[in-house]
Protein chains: 4
Amino acid sequence: MTTFGPIFVPASLREAVSDEAWLAAMLDAERALARATGGNADDEAYRPELYDIERLCEEGRADASPVVPLARELRKRAPDAHNGATSQDILDTAAMLVARNACALVVAELDGAAAAAASLAESHRSTPMAGRTLMQQAVPITFGLKAAGWLVALVDARRRLAGVRFLAQLGGPAGTIDPEITSRFAAELGLDEPVVAWHSNRGPVAELAGALDGIAGACAKAALDVVLLAQTEVGEVAESGGGGSSSMPHKQNAAAAVLARACARLVHASAGVLTAGEHELDRAAGAWQAEWPALSAALAYTGGAAAAIRRSLEGLRVNADRMQANLTVEGDIGSAEALVDRALAHYRENAS
Amino acid sequence: MTTFGPIFVPASLREAVSDEAWLAAMLDAERALARATGGNADDEAYRPELYDIERLCEEGRADASPVVPLARELRKRAPDAHNGATSQDILDTAAMLVARNACALVVAELDGAAAAAASLAESHRSTPMAGRTLMQQAVPITFGLKAAGWLVALVDARRRLAGVRFLAQLGGPAGTIDPEITSRFAAELGLDEPVVAWHSNRGPVAELAGALDGIAGACAKAALDVVLLAQTEVGEVAESGGGGSSSMPHKQNAAAAVLARACARLVHASAGVLTAGEHELDRAAGAWQAEWPALSAALAYTGGAAAAIRRSLEGLRVNADRMQANLTVEGDIGSAEALVDRALAHYRENAS
Amino acid sequence: MTTFGPIFVPASLREAVSDEAWLAAMLDAERALARATGGNADDEAYRPELYDIERLCEEGRADASPVVPLARELRKRAPDAHNGATSQDILDTAAMLVARNACALVVAELDGAAAAAASLAESHRSTPMAGRTLMQQAVPITFGLKAAGWLVALVDARRRLAGVRFLAQLGGPAGTIDPEITSRFAAELGLDEPVVAWHSNRGPVAELAGALDGIAGACAKAALDVVLLAQTEVGEVAESGGGGSSSMPHKQNAAAAVLARACARLVHASAGVLTAGEHELDRAAGAWQAEWPALSAALAYTGGAAAAIRRSLEGLRVNADRMQANLTVEGDIGSAEALVDRALAHYRENAS
Amino acid sequence: MTTFGPIFVPASLREAVSDEAWLAAMLDAERALARATGGNADDEAYRPELYDIERLCEEGRADASPVVPLARELRKRAPDAHNGATSQDILDTAAMLVARNACALVVAELDGAAAAAASLAESHRSTPMAGRTLMQQAVPITFGLKAAGWLVALVDARRRLAGVRFLAQLGGPAGTIDPEITSRFAAELGLDEPVVAWHSNRGPVAELAGALDGIAGACAKAALDVVLLAQTEVGEVAESGGGGSSSMPHKQNAAAAVLARACARLVHASAGVLTAGEHELDRAAGAWQAEWPALSAALAYTGGAAAAIRRSLEGLRVNADRMQANLTVEGDIGSAEALVDRALAHYRENAS
């Protein structure tokens, strides 16, 4: 349903949050459950190609969950499957698997963006330009310092995501499953083990959403600066291969930065769904179900934002002469260079 | 990218907001432009099957717009196409065409929901039940009065949408096109004619978004009441064919109401994107592009909410005995019946 | 609790949404109730100075409502007061009275802003400047056309608010009061009469919130353009008496436009509270109570946005020479002048 | 401007985020600056009672900042004050000081709430009740397990806040100040030292906002459960001294839980302002200014949510007989007791 998806989101990320990816993750969860409970997990039953996610969704409408029909079909092939689990166990665990995979892709884009920002900071450590506050020239800075600001924000946003734990969910119908089983289940999947089931205490989801929103926000901030510095009247940067126009061939739009900003707005909206939830009693009647599309969207557009700002920064053409020519305010660049060095050191310390 | 779409959104609505539907609408806009400017509109060039929206999106990434490559291809077939227009003219007009079509589907579901609410209000005009405030029994009401409250909300939400105008957009690169041409263009498409171009003054989009959010909110309110009245300990209503569970065959979840609530949350998030926008100067660098997926999502999930609450209410089993048995507070039903009649009269006055 | 209120919101509006204003409105509602039910309304009991809203709030915490202690105190003076009403009747009616008063102030600021925009549109009907899309110069427009775009948006936002009905609320504990009484009550206060009580069907609140958000959005759009056109490198407009800086006396910030944008963000957030609500059964357990501060904030900051953009536009210094000098794209202004005339005609038609 | 503040927010927190508290914090920042730059910091000049924040705000409207007039007045008394700083340095640092103080109050309430949840978990470790999913009875749990779920959420939300760093801000007009000075400045105030200035890279603010929203969300979740379990038809818990009604003396509303939910909605809205920001270049023209009231509101209402749920849980009356009587589903409580023990151990490990 996402309009013009390929404009916003790289193919790998669209795949990583697709219904097919969710189906595969649900089956991974079911297989891990079988293993954790001593069931027959080697069964062929867990192969995604045996199932039709579209049809499961049609059928699942009656139950407000695709896992109800999935478990039914699965048990035809593996009669002891879905043993002790509730559909939310499978879906929440699948959500975390999907998120973990998608986040790896997000981080790869983010790392590319950070590397590009670092390179700009280094190359333009001493390139003077106007600092601008409330959109007015204030005092001189260097372009390296501006890029250093983006860099620190990207690094810290990445670090925030690195602190997010991807938790297994296995509580059974109302969260009373033996924690030993949950522990084995989590270990099977390489997920973290929760203290108790988090069926309706959604802190883990909110934390992930906040981290994604933080990444998208860091990308959008750099993108906004690119758009502003690329204005015709400013002309201090340009995207290489900047976007054209259907009616004005002379235009050189900062198309990638524009897309990063658009993606960030969409992440923010989805993050709002993932953080707003009061979930009723032991499983929510609406707030939980809304998480599925919101999580996919948050992941995908965060990746879109990161990929777009990476593209923008990697190819950014910096016009140092124009920066100098535009500079109408007096003063020196203060400690701009030393601050660039601090930012680069911070980047290196936090590199994976 | 929408996870488990068929669980939430009817097929007709998913189609109505699909990329293919947007493509067709863009081509309708281009054809109307050709007609409005005296171009060759009878050309075969405007058939959607000639274009590959996926590929246009891939190519459009460089320009942050699918219309740039579309116009390029279109002109190969119809050299005078896209004459005087900017890509935003085509996309905004397409957005309004898509919205108009989708809204018709939304309204059909909403009308069904309203009819079901009206029928419940009428049948249970005098069926006593507990009024509950802050989740405590307060004084008696009738179930008809509760349904009447839903009904008035649904009717008024529909009326609000009916007041939304679907505007053509044709301003050219920066909004200076001859308004006569815009007028002809709008007439070709049966859209309203704007006073001036609304490329970056997005009131019309915000109003539509608000109306959709209002509809979803009215649906979700009724859904919440269904969920609460269907609680095991209350048991005053049940959805027929209520949803099951993968682990607890005895359960009868109010699955449709649950989905209506989930959809409403997703609408609200998307509406936030569509109402938050400060759009820069004569075309926005991010806020506009974010509208495309947000609008599709808002339309689709509003339809999902309406379809789900319709399903819930159409099949609602009302347990009047349980309502009576639960009633622990004293008092009479006051003017509940007269108020039901007022609501039904309001409904009939506002029926299409 | 609003930080630095006087920076954002005119004194009259701060007063209009103050706790004291709410108290007075609650007492107006109680007095109207007394009249509508044949009680003793001439009593001195309804004078606000007899009550201490701070203390009522302290006491009201136990009941999650200031009306519970207020009604208690009121009845000491007017024993038949609060007859048949529930606390939500009084609070919702007071909310609508507060909103109506505050909206009058908002509209006055908005009218000032529209007049200023109209004057700019007229004076600069033919002043050429660059149209800018995605922040790049596109084709020429006139500054009058840009102002005309703001003007139409302000006019339409005002018209949208004009369509909002301020409804009385009088349903009694669960909405079953005789509609004749509600009718008399509404007439006493000059409020509209609802079909049925809207205690937990909050469409009327959502519609008001949407209209306020729409106004703030229209103000913020013009403000963003002012900020962008006032950039050092663009220099096409400046606020007269533009704000200074604590460290840079040379700076001329577009301070009023900046505040308009800040206010609009705060309106948007509050509007989100007012439109997100699923209210449980016959009175909500949380969503309703959250409306009180959100409504005050939405009203106040909408007024702040309108007052700020009015101030910005009323004193706007337009530098036509700079507009001409900046213009690097070729082409003519098309129908810009005719479109300005359309906008001005639209403005005059919709003037109060 | 906050309507009925004392209903929602404890007096200490209202004070902690008051304009007076911001003023004192701004002066603390100015004094620390004087010390860090070798100025005359012992001067009497920094006493808050010398300044009138209301008047500073009136004057500050012209500059969109209260620091511009404050610095002007301050320099009359301490001529070398505000040396090298920009108004945002002072305001951002003040924001962090205000936030640190307010968070201490929030945490105290949160600790109280956690202690109450722990006590409930312990006392009702083995008290059987119905687990309820999608609002239907599912399988038995214990009330201790439900309280354990709240407890873990509260503990983890607190832990998340503990990870938030309160950063000093001292960059000068555009972020080029010698980091040695910033380091001394931060040390004076006991704040963390940033890598580079974060004037327009707002990750630190977003992280704080996310943590507050997480706390409010954890409180609201417990509150929602209280409200649901306190329903007339369920009757498994009641707030001691539960709120009354202006018209129905028999009612026992879960007033504190209701307020916690209301507060959480208001936090969420404000957090949205604090996380949505793309800040332009080296200081934002609107997004930054909107942070001031949003931060105060987020802090205050988070404290309100924590205080309210604490009050609710501390006085919660648990009706174990009713829990047993309501239980219509079969099955045993599984590992509920062991899970309670895990939660309690987690609580103890994370206690301050």
Side-chain angles (χ1 to χ4, degrees), chain A residues 1-9 14 17-19 22 54 57-58 60-68 71 82 85-87 172-173 220 223 227 241 243-248 253-255 257-259 261-262 265-266 269-270 272-273 276 285-287 289-290 292-297 300, chain B residues 1-9 14 17-19 22 54 57-58 60-68 71 82 85-87 172-173 220 223 227 241 243-248 253-255 257-259 261-262 265-266 269-270 272-273 276 285-287 289-290 292-297 300:
Chain A
M1 215 145 48
T2 287
T3 302
F4 310 144
I7 285 189
F8 297 105
V9 182
R14 275 178 284 140
V17 303
S18 66
D19 280 10
W22 279 80
E54 178 97 6
C57 288
E58 289 287 356
R61 189 186 288 175
D63 308 302
S65 160
V67 176
V68 179
H82 198 68
T86 187
S87 63
V227 165
S245 147
S246 66
S247 56
M248 297 161 286
N253 297 322
V258 164
L259 290 174
R261 296 183 73 200
R265 286 173 174 256
L266 296 164
S270 291
V273 174
Q289 294 77 8
W292 313 330
L295 180 60
S296 283
Chain B
M1 216 145 47
T2 287
T3 302
F4 310 145
I7 285 188
F8 297 104
V9 182
R14 275 179 284 138
V17 302
S18 65
D19 279 9
W22 280 79
E54 179 96 7
C57 288
E58 289 289 355
R61 190 186 286 174
D63 308 301
S65 160
V67 176
V68 178
H82 199 67
T86 187
S87 62
V227 165
S245 146
S246 67
S247 56
M248 297 162 287
N253 297 321
V258 164
L259 291 175
R261 295 184 74 200
R265 287 176 171 255
L266 296 164
S270 291
V273 174
Q289 293 77 7
W292 314 329
L295 180 61
S296 283

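Naming convention: chains lettered A, B, ... in sequence-line order (proteins, then strands); numbering from 1 in each chain. Keep in mind it's a predicted model, so treat the numbers as computed, not measured.
- Of the two parts of A/Trp292, the backbone and the side chain both hold a non-hydrogen atom closer than 4.5 Å to a non-hydrogen atom of chain B.
- Inter-residue side-chain proximity for A/Ile7 and B/Pro66 is flagged as met; some heavy-atom pair is nearer than 4.5 Å.
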>> Let's go through A/Gln289 and B/Phe8 carefully: what are the C-alpha distance in whole Å and the side-chain angles of both, what is the deciding distance for side chain to side chain contact (heavy atoms under 4.5 Å, CB included) to 0.1 Å, and is it a yes or a no?
In response: CA-CA 9 Å; A/Gln289 294 77 8; B/Phe8 297 104; 4.3 Å; yes

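- Side-chain contact check for B/Leu266 versus A/Pro293: some heavy-atom pair is nearer than 4.5 Å.
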> Can B/Thr3 and A/Asp19 be said to form a side chain to side chain contact (heavy atoms under 4.5 Å, CB included), step by step?
Replying inline: CA-CA 6 Å; B/Thr3 302; A/Asp19 280 10; 4.0 Å; yes

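- Of all the heavy atoms in A/Ala255 and B/Ala62, the pair that sits closest is CB-O, 3.1 Å.
- The heavy-atom pair separating B/Arg61 from A/Val9 by the smallest distance is NH2-O, 3.4 Å.
- Contact tally against chain A (heavy-atom pairs below 4.5 Å) for B/Ala223, B/Pro6, B/Ser65, B/Ala294: the top residue is B/Pro6.
- Side chain of B/Arg265 to main chain of A/Gly286: no donor-acceptor pair is present (N/O by atom type, distance under 3.5 Å, no hydrogens or angles).
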